[in-house]
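Worksheet for the structure shown next.
Just follow the structure's listing: the first ligand is 1, and inside any ligand the first atom is 1.
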Amino acid sequence: MRWSYSASRSFKKCQRQWFYKNMVASAKARDPVRRRINLLSKLQSVSAWRGRIVDQVISNTVIPGINRGAPVMLREAKAQARALFDRQLLFARNHSIASFDTKPSDHGDDFCLLHGMEYGAPPTDDELNVAWEEIAQALANLYALDAVKAPLKAADHVIAQRALQFDLMDGVTVISYPDAIAFLDDTPPVIVDWKVHAFGDNDAWLQLAIYAIALARSSHNDFPPDFSAKPDEILLLEAQLLTNLVREHRLDAAQIEETEEYMMSSAYEIACLTEGKKYEELNAADFMPAIHPESCQSCAFRAPCWESAHAH
Ligand code: SF4
C-alpha cells in the first residue's frame, strides 16, 4: 500500500473517498467503472486548478530557468500561465467524463477536468477572472519573496516535484512530492513548498516534516554524490503565495517523533481496514462515509458513491 500525507487526510475526512481514489481508480484497468473513477479522481475545483497552474509554471518553466542559469522573467512566467489557463479551460469546457474515450496522459498539459462542469455548476466568468488574477498575483509574489528566491538562486541544483519514497512498515510505502528541493554547496538542502490559499493560516509543518524525513531516507541519481542529510538539518520553507508569507520550519526531535507516530498510526489504521485485500475483495460499503455531510458537496466521487449507497 502507498501512503501519503494527502491520502491520510482524505481517509480521515471520508474513508470511502479514500477507497475510490486509492483502490478503485485506475487508468489502465479494463473495467470501465475503474477508468471512470480514475477520471473522476482528476476533477478539480477552480481553486485547486489555479494552484496547479502555479505549480506547473514554477516546476516546468521557472525552476528549469534557474538550473540553466538563465532566469525566466516574471512576464514570461505569467504568459506561460495564461496560455496554460486558456488551453486547460478550453479542454475542460469541451470534455465530459461520460464521453471521454482517451487517457488523460494522451493530452499532456492541456488535460483538465473541473468539478463544477461535471456536477452541473460550471465556473462563472467572475470566478474565472478571480482565479486568473490570483494566479498572476501568486507568481508576482513568488518573484518578490526573498526568503524563497535566495536559496533557489544560491542552489547548485533545484529539483521540482520529485517523488520521494521509502518503506514505512511491512507492505506500506510512503510517497511524497515536495514542490522543490534546493541542493546547496556547503549547507544542507532546503525544501520549499508553495501554497496558493486565500487565507494561508494553516501551518503546514507536518506535511513538510514528512518531506524532510522522506528526503533524508531517499537517494536519486541526480542528487549530489554521497548525499546525506538528517531531517533536523533540512530547512523547510512554506511559501504562502497569496498572502505573501513565508514560514520557516526547523524540526526538533519531538516534532520528528510526532511525525513518525502520525505516519505509523495513520498507515496502521488504513492497513487494519483493508487487511491487505485487493480492490476485487472490497467494496465501497466496507468504508465509512464522510463524517460531515458537507464534504460530499465538493467530493469528486459523489456520483458513484450516491449511485451505490445513499451515504447522506
Ligand atoms: S460523496 Fe460523501 S460519503 Fe461519498 S465518497 Fe464522497 S465524501 Fe465520502
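Classified by interplanar angle (parallel below 30°, tilted 30° to 60°, perpendicular above 60°), the ring pair F100/H107 is perpendicular. Aromatic ring pairs are classed by plane angle as parallel below 30°, tilted from 30° to 60° and perpendicular above 60°; the pair F19 and F287 is parallel.
Under a 4.0 angstrom heavy-atom cut-off, F19 registers as lying outside contact with ligand 1.
Heavy-atom contacts of P289 reach the following atoms of ligand 1: 3 (S) (cutoff under 4.0 Å). The contact set between ligand 1 and R302, taken as ligand atoms under 4.0 Å from a residue heavy atom, comprises 1 (S). Set against the non-hydrogen atoms of W306, the atoms of ligand 1 under 4.0 Å away are 1 (S). Applying the 4.0 Å criterion to heavy atoms of A290 picks out, from ligand 1, the atoms 3 (S), 7 (S), 8 (Fe).
Sorted by first and then second residue, the pairs that involve residues 169-191 and meet ring pair (Phe, Tyr, Trp, His ring centres under 6.0 Å), not counting sequence neighbours, are F183-F223, F183-F227.
At a heavy-atom cutoff of 4.0 Å, ligand 1 is contacted by the side chain of C14 but not by its backbone.
In summary, an N, O or S atom of C299 is located under 2.8 Å from atom 6 (Fe) of ligand 1. Because the distance cut-off is set at 2.8 Å, C305 fails to qualify as a neighbour of atom 2 (Fe) of ligand 1, as none of its N, O or S atoms comes that close.
A salt bridge links K277 with E275; the closest basic N to acidic carboxylate O contact falls under 4.0 Å. Salt bridge status for D252 with R250: absent, with no side-chain N to carboxylate O gap under 4.0 Å.
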Could you list the donor-acceptor pairs under 3.5 angstrom formed between side-chain atoms of residues 134-146 and any protein atom two or more places apart in sequence or on another chain?
unit_1	atom_1	unit_2	atom_2	d
E134	OE1	R50	NE	2.6
E134	OE1	R50	NH2	3.1
Q137	NE2	N141	OD1	3.0
N141	ND2	L241	O	2.7
Y143	OH	V72	O	2.7

